[in-house]
Amino acid sequence: MLDQVKALLEEVDQSVVGSKEELEQFRLRFVSRKGVLGELFDGLKTVEQANRRAVGQELNELKNKALERFQQFSDAIESGQNGQQGPAVDLTLPVVPNSTGTQHPLSLVRQRIIQIFERIGFNVADGPEIESDWYNFGALNFPENHPARDMQDTFFVAKSPVSQSEDLLLRTHTSNVQIRLMEQRSKEETFRPIRSIMPGRVYRNETISARAHCQFHQVEGLYIDRNVGFKDLKDTLYHFVKEMFTKDTKIRFRPSYFPFTEPSAEIDISCQICHGSGCNICKHSGWVEIAGSGMVDPQVLINCGIDAEEYTGFAFGMGIERITMLKYEVRDLRLYFENDVRFLKQFEGL
Ligand code: DAH
């Protein structure tokens, strides 16, 4: 009997329990009174008097060991580990979703704008945010000390290291990239037509409120080739508006003034919020302005070294925040820059 108890002790020692079912089997065999221990304790009576004490001690050890192991196994299973085999993973459970970030609404709209224009042959160009007076104003026909410069409240940064008389500033619009692009192309041996859009961040010294911010985003467009006319400008922007919004969105060109285009027009679309019935976004007019545009002034072409007799072009510029506001009804510009996740989460999956 002593041998039998010793063999069982070893069995308890080497047992591995990885699941509730195995734990129950272990309990029935080693812990329950109906298991091997019950039988052995009953059999103790039949052991010779001389050995009974020693066998009894071994039996007690087996009982305690079995209980201790049972407790260990059951704790491990409760806490999700099954001791020897690493974590108990139930592969049939549905996964806990990892929360991922969302795309910022301005990125979503910028990408959509790029996509629409790329499909009709425009490519994307880029330029600096810290700019010299010449690229931001001078080359675009803003005369020195002319009140036109007051149209855009400028953040001046420093005097230019190249020319002390020239200011460095944070660009007030993306139109600086027009100039850089035209200047670059005019230096090439044969002039290649330009058909580009230029998204980017711009800065103006405005008091921050729901309707104005000191930083925002624009997309500039430029098309320079032989025989580009106002009709091409209209066709292009009609196409854009219908793709960006809905096919039944109405568009109107309103004569306007920009120093770098002649003629110039502002572009209004039918209000996407109230659809014409009148709301405070469209100031009850049913129309919202989305872009400035026009035929590039020949003087601007000349400033960039392009033959204004041979080439013509159109340009336009629009605010990404404005388009996003109309598309997603974001009524406060500050929301774009606060990065409150409750705001950002609303654009999940778009
Ligand atoms: N740069 C103008 C602004 O920020 C927008 C603009 C108007 C851009 C007409 C253009 C244009 O390219 O042709 O207000």
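Just so you know, ligand 1 is whichever comes first in the structure, and atom 1 is the first atom listed for that ligand. Positions are given from 1, in the same order as the sequence printed here. This is a predicted model, so every value here is computed, not measured.
Taking only nitrogen or oxygen atoms, main chain and side chain alike, Arg204 reaches within less than 3.5 Å of ligand 1. Checked against a 3.5 angstrom limit, the closest N/O atoms of Glu220 and ligand 1 fall inside it. Residue Ala315 has at least one nitrogen or oxygen atom sitting less than 3.5 Å from a nitrogen or oxygen atom of ligand 1, judged on distance alone.
The distance from ligand 1 to the heavy atoms of Gln178 drops below 4.0 Å at these ligand atoms: 12 (O). Per-residue contacts place Thr261 under 4.0 angstrom from the following atoms of ligand 1 (heavy atoms of the residue considered): 13 (O).
Of the possible polar contacts, none joining the Glu329 side chain to the Lys327 backbone as a donor-acceptor pair under 3.5 Å is found.
Using a 4.0 Å cut-off between charged nitrogen and carboxylate oxygen, Lys65 and Glu68 do not count as a salt-bridge pair. By the 4.0 Å N-to-carboxylate-O rule, Asp42 lies close enough to Arg33 to be salt-bridged with it.
Contact annotation for Ser293 and ligand 1: only backbone heavy atoms (N, CA, C, O) come within less than 4.0 Å of the ligand. Contacts of Phe260 with ligand 1, taken as heavy-atom pairs under 4.0 Å, involve the side chain alone.
Heavy atoms only, all atoms of each residue included: Thr174 and Glu220 are closest at OG1-OE1, 2.8 Å. The two residues Met198 and Leu181 come nearest to each other via the heavy atoms CE-CD2, 4.2 Å.
Residue contacts with ligand 1 leave out Met318, since none of its heavy atoms falls under 4.0 Å from the ligand.
The shortest distance between side-chain heavy atoms of Val219 and Ile320 falls below 4.5 Å.
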